[in-house]
Amino acid sequence: MSEYIADRNDDDSSEDSGSYEEWIPSFCARFGHEYYCQIPSEFLEDDFNMTALALEVPLYRQALDLILDLEAVSDDEAEHGENGQPEVSRSLVEHAAEQLYGLAHARYVLTRPGLQALAEKFDRRAFGTCPRYHCGGMQLLPCGLSDTLGRQPVRLYCACCGDLYVPAQARHAQLDGCFWGTSLPGVFLQHFPELGEYVGKRPVQSYSLRVFGFGVNERAVSGARMAWLRQRPSTEEEWEEYAKCEYEMPTEVS
Amino acid sequence: MEDNMDGMTDSSDYVEMWIDLFLGRKGSEYFCDIDPDYITDRFNLINLQKTVPKFTQVIQYIVDELDETVLESMSHSRLEQLENDARKLYGLIHARYIITIKGLQKMLQKYRDADFGRCPRVFCNSQPLLPVGLHDVPGIDSVRLYCPACEDLYNPKSSRHSTIDGAYFGTSFPGMFLQAFPEIVPRHPTKTYVPKIFGFELHKQAQLARWQELQRLKLQKSLEAKNVDFSKNGGYK
C-alpha cells in the first residue's frame with residue numbers, strides 16, 4: 001500500500017511548510033471554494049457512503065488517502081519511496097481528489113449534518129443573495145443541473161422566486177454543478193419547511209414597463225409577456241384553477 | 001486615447017474634458033456621453049435649475065467653459081462641492097438625453113456591448129440588460145437593471161454600480177428604448193425550473209409551474225386572437 005506514497009510536493013507551494021496542513025480545511029478555504037462545506041472524515045471513511053465513486057474517479061484510493069491525509073507526511077520518507085513518482089502523477093492525484101471530494105460532497109450535503117452545515121452557510125449568505133430586485137436579498141442555494149461530472153456548472157436557486165441564477169462571481173461560475181447535485185434545493189426545502197412558510201408569507205411583487213407613467217399596451221412588441229413567470233394565484237378563481245393543476249395541465253385553455 | 005480627444009486642441013496645455021474624465025471613471029460605465037450642445041441648450045434644462053446651487057457655474061464646469069481663474073480661486077471644499085454637483089446635474093440631464101433620438105442611439109450601442117451587464121437568470125441565456133430607475137426624483141433609490149427577456153428587475157452585480165442614483169436613467173428609459181428599437185426585443189424564454197429530488201419534482205412547486213404555464217397559454221391565446229404574432233420578436237422561444 002505504501003508504493004503510491006508520493007512526495008509531498010505541495011509543501012513547497014504552501015508557504016509555511018513548518019505547520020502541517022490538513023487537506024479538507026485547506027481545500028475549503030481556497031479562493032473560489034467558498035461554496036464547499038467541510039465533510040467530516042468519518043463520512044468519507046465509511047465505505048458505504050462512497051459506494052460506486054471508485055468507478056467515477058480515477059486513482060480513487062490515492063485520492064481518498066490524500067483527502068484524509070493518510071499519506072506520508074515527512075519529506076524524507078518520500079525520498080525513500082521505491083518508485084519516486086513523477087510530479088505529473090502528483091497533480092493527477094490532486095485533481096482526482098478534488099473530483100472525489102466534490103462527488104462525496106454532493107452526497108454529504110443531503111445528509112442531516114450536511115444540511116445543517118449548509119443551512120449555516122445559507123444563513124451567512126455564503127452563496128450570495130438573489131439578484132432579483134423584488135426578492136429583497138433572499139439567500140440563495142447552490143444547485144446542479146446534472147449529476148454527472150463535467151456537464152453543467154453550479155447554479156443558484158432562490159426559494160423566493162423559484163428561479164435559477166448564475167453566480168455573481170466569475171470564480172464560482174465554473175464550479176461543477178454535480179458537486180452539489182440536482183436534488184439539493186428540493187431536499188433543503190423539504191428538510192426546512194419553515195423556509196417555504198417564510199417565502200409564502202412574502203408579498204408577491206412584480207414590475208411592468210412604464211413610459212412616463214403609462215403602461216405599455218399588451219399588443220406592442222415590448223408589451224408584457226412574462227407576468228406569468230412571477231405570478232402566484234391570488235383570486236378565488238385563480239386558486240380554483242390552481243387546484244385543477246394538481247396532477248396535470250388542464251386540457252382546455254379558457 | 002489622448003489622440004482622439006477632440007475639442008481640446010484649442011487649449012495650449014493638455015486638459016481633458018470633464019465629461020470624458022467623468023465617463024472614464026470606474027463606476028461610470030452605465031453613462032453615455034451627452035452632446036455639449038444638448039447640455040448648453042437651456043430648453044433641455046427646464047426645471048433642473050433648483051436641483052443644484054450655482055446652476056450656471058455647474059453647467060459651465062461640465063462643458064469646460066468655466067474660467068480658469070474662477071476655478072483657481074475656489075477653496076478645496078468648494079471644488080469638491082462643484083464636482084459633486086456636476087455629477088448630479090450630469091446624471092439628471094442624462095436621464096433626459098437618453099430618451100432623445102441621439103441618446104437612444106448611443107444607449108443602443110452600449111446595450112449591444114452589454115455595458116449594463118447580462119441577466120443573471122439562467123434561462124435568459126446572458127441577455128443584455130437595460131438600466132432603469134424606479135423614481136424620477138434623485139436621492140430615493142439606486143439604479144436597477146431591466147431584462148427584456150424575462151421582463152424583470154435585477155440589482156447591479158457590482159457595488160460601484162449599485163450606488164448610482166436611479167433618477168439618472170429615469171423610469172421611462174427601457175420602455176422608450178424598446179419602443180424605439182422593436183427589433184431588439186428578444187423572444188421570451190418559457191423554460192422554468194422545478195426543484196427535483198432524485199429526479200422527482202416537488203409537488204407544490206410543480207403544481208405552481210403548471211399553473212403558471214396555464215397563465216402563459218391563456219395570455220398567448222388571448223393575444224393571438226388580437227393578431228399578435230408569437231413567432232416574431234416579443235413572442236416566445
Side-chain angles (χ1 to χ4, degrees), chain A residues 129-134 137 143 145 155-157 161-168 182-190 196 206-216 218-233 238 241-250 253-254, chain B residues 118 120-123 126 134 144-146 148-155 157 171-172 174-179 182-183 185 188 192-205 207-223 226-228 232-236:
Chain A
T129 53
C130 185
R132 184 170 170 261
Y133 171 67
H134 287 300
C143 165
L145 292 178
R155 298 295 179 224
L156 299 167
Y157 173 78
C161 54
D163 220 328
L164 284 186
Y165 297 99
V166 178
T182 53
S183 306
L184 180 53
V187 172
F188 194 88
L189 283 171
Q190 296 287 302
S206 60
Y207 175 77
S208 57
L209 274 188
R210 303 215 148 249
V211 179
F212 303 120
F214 298 100
V216 177
E218 56 173 8
R219 283 156 72 185
V221 177
S222 54
R225 301 277 190 273
M226 295 298 282
W228 55 274
L229 181 64
R230 311 301 188 195
Q231 209 177 344
R232 301 281 185 275
E238 282 172 343
E241 209 175 39
Y242 177 74
K244 279 187 208 155
C245 294
E246 183 155 17
Y247 297 110
E248 54 176 9
M249 283 278 292
V253 177
S254 50
Chain B
R118 294 176 183 278
R121 188 170 173 265
V122 169
F123 297 122
S126 306
L134 295 180
R144 308 290 169 200
L145 299 166
Y146 176 78
C150 61
E151 298 181 346
D152 213 335
L153 281 188
Y154 296 97
N155 298 321
K157 205 156 96 168
T171 55
S172 308
M176 284 294 274
F177 187 82
L178 297 174
Q179 293 276 303
E183 69 278 6
V185 177
H188 304 288
T192 53
Y193 175 74
V194 177
K196 288 185 188 132
I197 298 182
F198 306 122
F200 298 100
E201 294 181 335
L202 289 194
H203 182 67
K204 212 177 118 202
Q205 279 80 357
Q207 185 178 3
L208 181 65
R210 278 191 288 272
W211 179 77
Q212 288 172 336
E213 175 68 6
L214 187 70
Q215 304 307 308
R216 183 180 77 78
L217 292 173
K218 275 164 71 179
L219 176 74
Q220 182 163 1
K221 202 177 168 195
S222 81
L223 286 179
K226 294 174 186 166
N227 291 325
V228 175
K232 291 203 179 112
N233 291 347
Y236 292 124

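Chain letters run A, B, ... following the sequence lines, proteins first and then strands; every chain starts at 1. Please read these numbers as outputs of a predicted model, since none were measured by experiment.
Inspection of the A:Glu241 and B:Gln215 side chains reveals an N or O donor paired with an N or O acceptor under 3.5 Å.
Looking at B:Thr171, only its backbone comes within 4.5 Å of chain A, counting heavy atoms on both sides. Of the atoms belonging to A:Cys130, it is backbone heavy atoms, and not side-chain ones, that fall under 4.5 Å from chain B. Only the side chain of B:Lys157 comes within less than 4.5 Å of a heavy atom of chain A; its backbone N, CA, C and O stay farther away. Residue A:Tyr247 touches chain B through both its backbone and its side chain, counting heavy-atom pairs closer than 4.5 Å. Contacts of B:Ala209 with chain A are absent, with no heavy-atom separation under 4.5 Å from either backbone or side chain. In this structure, chain B has heavy atoms under 4.5 Å from both the backbone and the side chain of A:Tyr207. For a residue to count as touching a neighbouring chain, one of its non-hydrogen atoms must lie under 4.5 Å from one of that chain's; by this rule A:Ala220 touches chain B with the side chain only. Proximity to chain A is limited to the side chain of B:Tyr146, based on heavy atoms less than 4.5 angstrom apart. Of the two parts of A:Leu156, neither the backbone nor the side chain holds a non-hydrogen atom closer than 4.5 Å to a non-hydrogen atom of chain B. With a 4.5 Å cut-off on non-hydrogen atoms, B:Leu219 touches chain A through its side chain but not through its backbone. Both the backbone and the side chain of B:Val122 have a heavy atom closer than 4.5 Å to some heavy atom of chain A. In this structure, the portions of B:Arg121 lying under 4.5 Å from any heavy atom of chain A include both its backbone and its side chain. Contacts between B:Leu145 and chain A at a heavy-atom distance below 4.5 Å are absent for every atom of the residue. Heavy atoms closer than 4.5 Å to chain B are found nowhere in A:Pro167, neither backbone nor side chain.
Listed options B:Val194, B:Asn227, B:Ile197 were ranked by heavy-atom pairs under 4.5 angstrom with chain A; first place goes to B:Ile197. With chain B as partner, the option from A:Ser206, A:Gly213, A:Ala224 having the largest number of non-hydrogen pairs under 4.5 angstrom is A:Ala224. Between chain A and the options B:Glu201, B:Gln220, B:Arg210, the largest number of non-hydrogen pairs under 4.5 Å is found for B:Arg210. Your options are A:Val187, A:Val216, A:Thr129, and the one with the most heavy-atom pairs under 4.5 Å with chain B is A:Val187. Among the candidates A:Val221, A:Leu229, A:Val166, A:Leu164, the residue making the largest number of heavy-atom pairs closer than 4.5 Å to chain B is A:Leu164. Among B:Val228, B:Leu202, B:Asn233, the residue with the largest count of heavy-atom pairs under 4.5 Å with chain A is B:Leu202. By number of non-hydrogen pairs under 4.5 angstrom with chain A, the leading residue of B:Gln205, B:Lys204, B:His188, B:Gln179 is B:His188. Top candidate by heavy-atom pairs under 4.5 Å with chain A, chosen from B:Cys150, B:Pro182, B:Pro148, is B:Cys150.
Here the closest non-hydrogen pair linking B:Tyr193 and A:Pro185 is OH-CG, 3.9 Å. Here the closest heavy-atom approach between residue B:Leu178 and residue A:Ser222 is recorded as CB-CB, 3.6 Å. The shortest heavy-atom contact between A:Ser183 and B:Phe198 is OG-N, 2.8 Å. A:Glu238 and B:Trp211 make their closest contact through O-NE1, 3.4 Å (heavy atoms, listed as atom of the first residue, atom of the second, distance).
Put simply, the side chain of B:Arg216 never gets that close to the backbone of A:Met226: no donor and acceptor are under 3.5 Å apart. The closest donor-acceptor contact from the side chain of B:Gln207 to the backbone of A:Cys245 lies at 3.5 Å or more, if one exists at all. Between the B:Glu151 side chain and the A:Arg225 main chain, a donor and an acceptor come within less than 3.5 Å of each other.
Here A:Glu248 pairs with nothing under the side chain to side chain contact (heavy atoms under 4.5 Å, CB included) rule; sequence neighbours left out. For A:Arg230, the salt bridge (Lys or Arg N to Asp or Glu O under 4.0 Å) partners two or more places apart in sequence, or in a different chain, are A:Asp163, B:Asp152.
Counting only heavy atoms from C-beta outward, the side chains of A:Trp228 and B:Lys218 never approach each other to under 4.5 Å. Proximity of B:Leu214 to A:Lys244: side-chain heavy atoms (C-beta onward) are nowhere separated by under 4.5 Å. Between B:Ser172 and A:Val211 there is a side-chain heavy-atom pair separated by less than 4.5 Å.
Atom CZ of A:Arg232 and atom CG of B:Leu208 lie 5.0 Å apart (nearest 0.5 Å).
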